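The structure under discussion appears below in the form of C-alpha cells.
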Amino acid sequence: MINHQTRYPCVNDDHPRPLTPQEAFEMLEEHPQAVLVDIRSSMEFLFVGHPKGAVHVPWIDEPDWVVNPHFVTEIRKLLLGGAVCEPGTGCAPVILICRSGKRSLEAGRALVQHGLKAVYHVDEGFEGDLDEQHHRSTQGGWRFRGLPWEQC
C-alpha cells in the first residue's frame, strides 16, 4: 500500500493539499480509512448529486448561510481516533469536496488550523468552474471526469 503522505504530501502547513478528482478517487481506493466529505449545502448534496460514498457535513448551509460552528468537531467525530496524529504514525486522510474547490479550500484551512494533518481538497470540486455559457460540469469536476456519483 502506498503511503498517502508520501504520494500526496502537504503543500504547506496552513493549507489543505489540492487533488484532482482522479487523484482523490485513487486515494479513496488505495486508503480505505480515507473519508470523502462533501461540504456543500444540503440542497446541493441532495439535488445536484454527490460522489458515491461521500459523507455530508456542510461548511455553510441554509437557512442562515453562515459557517457551521461545529464543522471541525463533526469532522473529528467522523475520524474517531484518526483526528490527532503523532509524527510518523500517519493520519486518516480527509478529502473535502464542494462545487468548484473554493469552499473546500476554506474549510480545509480551518481543519489544518485546528490540528488535522492529512487534509486534502478536490481542486475542481464536484461540478467545476463555469464555462462561457455559465454552465457547470462542462469543463471540470468530479462528475465531468466520469467518477462515480449519485443523486437523490
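Note that these values count all heavy atoms, side chains included, but never hydrogens, waters or copies made by symmetry. This structure is a prediction, so every number in the text was calculated from the model and none was measured.
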> Less than 4.5 Å apart, any side-chain heavy atom of L147 and any of F126?
Replying inline: no
>> On a heavy-atom basis, which atom in E62 and which in S42 lie closest, and how many Å separate them?
In response: OE2-CB, 3.3 Å
>> For a quick test of reading the model, state the closest non-hydrogen atom pair linking V72 to A110 and the distance between them.
In response: CG2-O, 4.3 Å
> When rounded to the nearest 0.5 angstrom, what distance separates CG in L111 from CD in E106?
Replying inline: 11.5 Å
> What residue among R145, K102, R136, R143 forms salt bridge (charged side-chain N to carboxylate O under 4.0 Å, His left out) with E127?
Replying inline: R143
>> Measuring only between side-chain heavy atoms, which start at C-beta, is H15 closer than 4.5 Å to H121?
In response: no
> Would you call the rings of W59 and F71 parallel, tilted or perpendicular if under 30° counts as parallel and over 60° as perpendicular?
Replying inline: perpendicular
>> For H70, is there any backbone N or O sitting under 3.5 Å from a side-chain donor or acceptor partner on N68?
In response: yes
> If Ile, Leu, Val, Met, Phe, Trp and Tyr residues are connected whenever their side-chain heavy atoms lie under 4.5 Å apart, and connections chain through other members, are V67 and V112 in the same group?
Replying inline: yes
> Which atom names give the shortest non-hydrogen contact between Q139 and L130, and what distance separates them?
Replying inline: NE2-O, 2.9 Å
>> Rounded at 0.5 Å granularity, tell me how far NZ in K52 sits from CH2 in W142.
In response: 11.5 Å
>> Does either side chain, that of D61 or that of S41, offer a donor lying less than 3.5 Å from an acceptor on the other one?
In response: no
>> Using side-chain heavy atoms (C-beta onward) and a distance below 4.5 Å, is C152 in contact with H50?
In response: yes
>> If you compare all heavy atoms of G141 against all heavy atoms of P21, which two are closest, and at what distance to 0.1 Å?
In response: C-CG, 3.9 Å
> Out of curiosity, D38 CG to E44 CD, how far, rounded to the nearest 0.5 Å?
Replying inline: 8.0 Å
> Which heavy-atom pair separates S104 from C98 by the least distance, and what is that distance?
Replying inline: N-SG, 3.3 Å
> Which atoms form the tightest heavy-atom contact between P18 and D123, and what is the distance?
Replying inline: CB-CB, 4.0 Å
> In terms of hydrophobic clustering (I, L, V, M, F, W, Y; side-chain heavy atoms under 4.5 Å; direct or indirect links), are V48 and M43 co-clustered?
Replying inline: no
> Below 4.5 Å, heavy atoms only, C-beta onward: do V37 and I95 meet side chain to side chain?
Replying inline: no
> Hey, what do you get for NE2 (H114) to CZ (R109), rounding to the nearest 0.5 Å?
Replying inline: 15.0 Å
> Do the side chains of L105 and L19 join up, straight or via other hydrophobic residues, at under 4.5 Å, putting them in one cluster?
Replying inline: no
> What do you reckon, is CD of E132 surrounded by more than 12 foreign heavy atoms closer than 6.0 Å?
Replying inline: no
> Same cluster for V94 and L78 if Ile/Leu/Val/Met/Phe/Trp/Tyr side chains link at under 4.5 Å?
Replying inline: yes
>> Working to the nearest 0.5 angstrom, can you tell me the gap between T20 OG1 and E23 CD?
In response: 3.5 Å
>> With rounding to the nearest 0.5 angstrom, report the CD to CD1 distance, E124 to I97.
In response: 9.5 Å
> Does the distance from a Lys or Arg side-chain N to an Asp or Glu carboxylate O, for R99 and D129, drop under 4.0 Å?
Replying inline: no
>> As a test of understanding, state which of V57, L79, L28 forms a side-chain contact (heavy atoms from CB on, under 4.5 Å) with V35.
In response: L79
>> Quick one, F25 and P148 - any side-chain contact, counting heavy atoms below 4.5 Å?
In response: yes
> M27 versus P93: any side-chain heavy-atom pair under 4.5 Å?
Replying inline: yes
